[in-house]
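Note sheet for the following structure.
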Protein chains: 2
Amino acid sequence: MVAPKSSPPRHALETREILLEAAGRIFARKGFRAATVRRITREAGVNLAAVNYHFHDKRELYTSALKHAHQAAARTAAADVAGTPEKRLLLFIQGFLGYLLDPHRPAWQGRLIAREIAEPTRALDRLVEESVLPVKKRIAGIVRDLLESRASEARVRMACCSIMGQCLFYVHCREMISRLFPEHRHKPEDIDVLAGHIFSFSQAGLAAMRRQSVAGQKKSASVRRRNTKTKKPHE
Amino acid sequence: MVAPKSSPPRHALETREILLEAAGRIFARKGFRAATVRRITREAGVNLAAVNYHFHDKRELYTSALKHAHQAAARTAAADVAGTPEKRLLLFIQGFLGYLLDPHRPAWQGRLIAREIAEPTRALDRLVEESVLPVKKRIAGIVRDLLESRASEARVRMACCSIMGQCLFYVHCREMISRLFPEHRHKPEDIDVLAGHIFSFSQAGLAAMRRQSVAGQKKSASVRRRNTKTKKPHE
DNA sequence: TATGTTTTCAAACGTTTGTTTGAAACAGGC
DNA sequence: GCCTGTTTCAAACAAACGTTTGAAAACATA
């Protein structure tokens, strides 16, 4: 019942981290509800009561594992803010996809986060605020640069969703993909091919939006007045 | 224990369908594990044991609700195979997005299917075979037409994933989207705007792939011989 | 009305769940 | 050695779960 107070000995730290690792792995595979603390502790090789000693309860074990995962993931995802917008877009997609799919890293980290996004618990708010919001700001900045600031916030939003949606599809729908396309595999070299595809696909999509935006401005300057609405800075 | 044999009276049919409706709603909201039969029967206004009378157990209630949902959804999704590929792509995206998001239909149907895709149970195989595979064949045909048969199967697959990924993003990540973009709403008219965006974005992406394919063929005709591999009919 | 079948119902069943408990094992300072 | 605080452990707890049961109710066909 008593929480660890001062500097805990080495053993305590070990079981705590072993528990976090196993918990993340199993929560990612089964979800919060279907994962049992008995299964987690058995797989971690620690006693059942360790969950309630090191964390208060199952819920806090989950939120800790989630935090652990997205901190570890954030550490690897470097944010390159230099270079042309095209280069930054490619780097973003490569990093985002790798962070979600790269089997070199513990695969459960990206899956755990993706699962929390698809099936939110109370922990989603903190996850969004600490981890997703910076990513969104980064991709929104790149998109804004590529659209040359001509587009409304709504169009920037839709473009961001198109890019992130293409990446997250491979995580959320992985089981369906393996049934629809049995030949599809998630090898590291395939991730690069995938990132290259999503990059050029999105680059072309953004270029089309830019052209549309220019054409729309020309048209609306004389005829419509609704476009002034789409230009609101924070719509 | 005895299953209903001959034509069941009116009341029986009613409770069965009421149960299916409530089950679909709650399974879609909570997932298979977190949804309890007590909650479902309470919300349906029927007795607890009705689940085991009309369906054998919770699992079959789930698979029945899933089947019920994607049959109802498939009925509304008409397959237009006429017109130009561009027209068919727009119709596909509008239909797919509406089928997933349109709040005029019971919203839980699309969500239940999306959830099963993201977090599969044993029922996924039948769902894929009966419901997703036809959709995949349809979009793959459209993509093939738009790429003018120049691209390998791997490129067709990636293009399909890009299009479906953009659509499914709004279902799987709806909770995150509402936190990232508080101004985003799912009104019926917004779905049309969204479909229009995904259409032109994808159209441009496909056009770029077509150009790449042409450029790649020119280059590879003299240098590489690996492209003959990517042309296999069923790779 | 009488009879056989189908459907509902309250109650209980056996598991599994997350959580708690109190004692044992371990560590470091004296 | 002893003492103090920390960590582990086997065992048990209460609550919630899916499922079963046997009788009552509703219904259909005579």
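In the text below, chain A, chain B and the rest are named by the order of the sequence lines, each starting its count at 1.
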> Taking only N and O in the side chain of B:His54, is any of them less than 4.0 Å away from OP1 or OP2 of C:dT6?
Replying inline: no
> With respect to the side chain of B:Ala49, which nucleotide from C:dT8, C:dC9, C:dA12 is positioned closest?
Replying inline: C:dC9
> What's the OH-C1' distance between B:Tyr53 and C:dT8, to the nearest Å?
Replying inline: 9 Å
> OP1, OP2 of D:dT7 versus side-chain N and O of A:Thr15: anything below 4.0 Å?
Replying inline: no
> Within this structure, what is the CZ-to-C1' distance between B:Arg59 and D:dC17, rounded to whole angstrom?
Replying inline: 15 Å
>> Donor-acceptor check, side chain of B:His197 to backbone of A:Arg155, threshold 3.5 angstrom: yes or no?
In response: no
> Per the end-axis method with five pairs at each terminus, what is the bend angle of the helix from C:dT1-D:dA30 to C:dG28-D:dC3, to 10°?
Replying inline: 10°
>> Enumerate the salt bridge (charged side-chain N to carboxylate O under 4.0 Å, His left out) contacts for residues 161-181 of chain B, please, sequence neighbours excluded, ordered by first and then second residue.
In response: A:Asp125-B:Arg179, B:Glu175-B:Arg179
>> On a heavy-atom basis, which atom in B:Cys173 and which in A:His172 lie closest, and how many Å separate them?
In response: SG-CE1, 3.6 Å
> So, A:Asp192 side chain and A:Ala195 main chain: donor-acceptor pair closer than 3.5 Å or not?
Replying inline: no
>> Among C:dT19, D:dT8, D:dT19, which nucleotide has an atom closest to any side-chain atom of B:Asp57?
In response: D:dT19
>> Would you call the rings of B:Tyr62 and B:Phe27 parallel, tilted or perpendicular, taking 30° and 60° as the class edges?
In response: perpendicular
>> For residues 34-44 of chain A, which residue pairs pass the salt bridge (charged side-chain N to carboxylate O under 4.0 Å, His left out) check, not counting sequence neighbours?
In response: A:Arg25-A:Glu43, A:Arg29-A:Glu43, A:Arg39-A:Glu43
> How close do B:Gly110 and B:Val171 get, heavy atom to heavy atom, and via which atoms?
Replying inline: O-CG1, 4.5 Å
> Any donor and acceptor pair, going by atom type alone, linking the side chain of B:Glu116 with main-chain N or O of B:Leu112 inside 3.5 Å?
Replying inline: no
> Over how many whole Å does the gap from A:Leu19 atom CG to D:dT7 atom P extend?
Replying inline: 14 Å
> Which listed nucleotide (D:dT20, C:dT8, C:dT19) is nearest to the side chain of A:Lys58?
Replying inline: C:dT19
>> Using only atom types and a distance under 3.5 Å, with no angle test, would you say the side chain of B:His56 pairs donor to acceptor with the backbone of B:Asn52?
In response: no
> Expressed in angstrom and rounded to an integer, what is the separation of B:Phe55 atom CZ from D:dT19 atom P?
Replying inline: 13 Å
> For the side chain of A:Lys58 and the backbone of A:Phe32, is there at least one donor-acceptor N/O pair under 3.5 Å apart?
Replying inline: yes
>> Short of 4.0 Å, heavy atom to strand atom, which residues of residues 21-35 of chain A count as contacting DNA chain C?
In response: A:Ala35
> Tell me: CG of A:Leu48 to C1' of C:dT16, nearest whole Å?
Replying inline: 12 Å
> Got a sec, which residues hit ring-ring contact (aromatic ring centres under 6.0 Å, His included) with A:Phe169, two or more places apart in sequence or on another chain?
Replying inline: none
> Going by number, which of residues 36-47 of chain B have a non-hydrogen atom under 4.0 Å from DNA chain C?
Replying inline: B:Arg38, B:Asn47
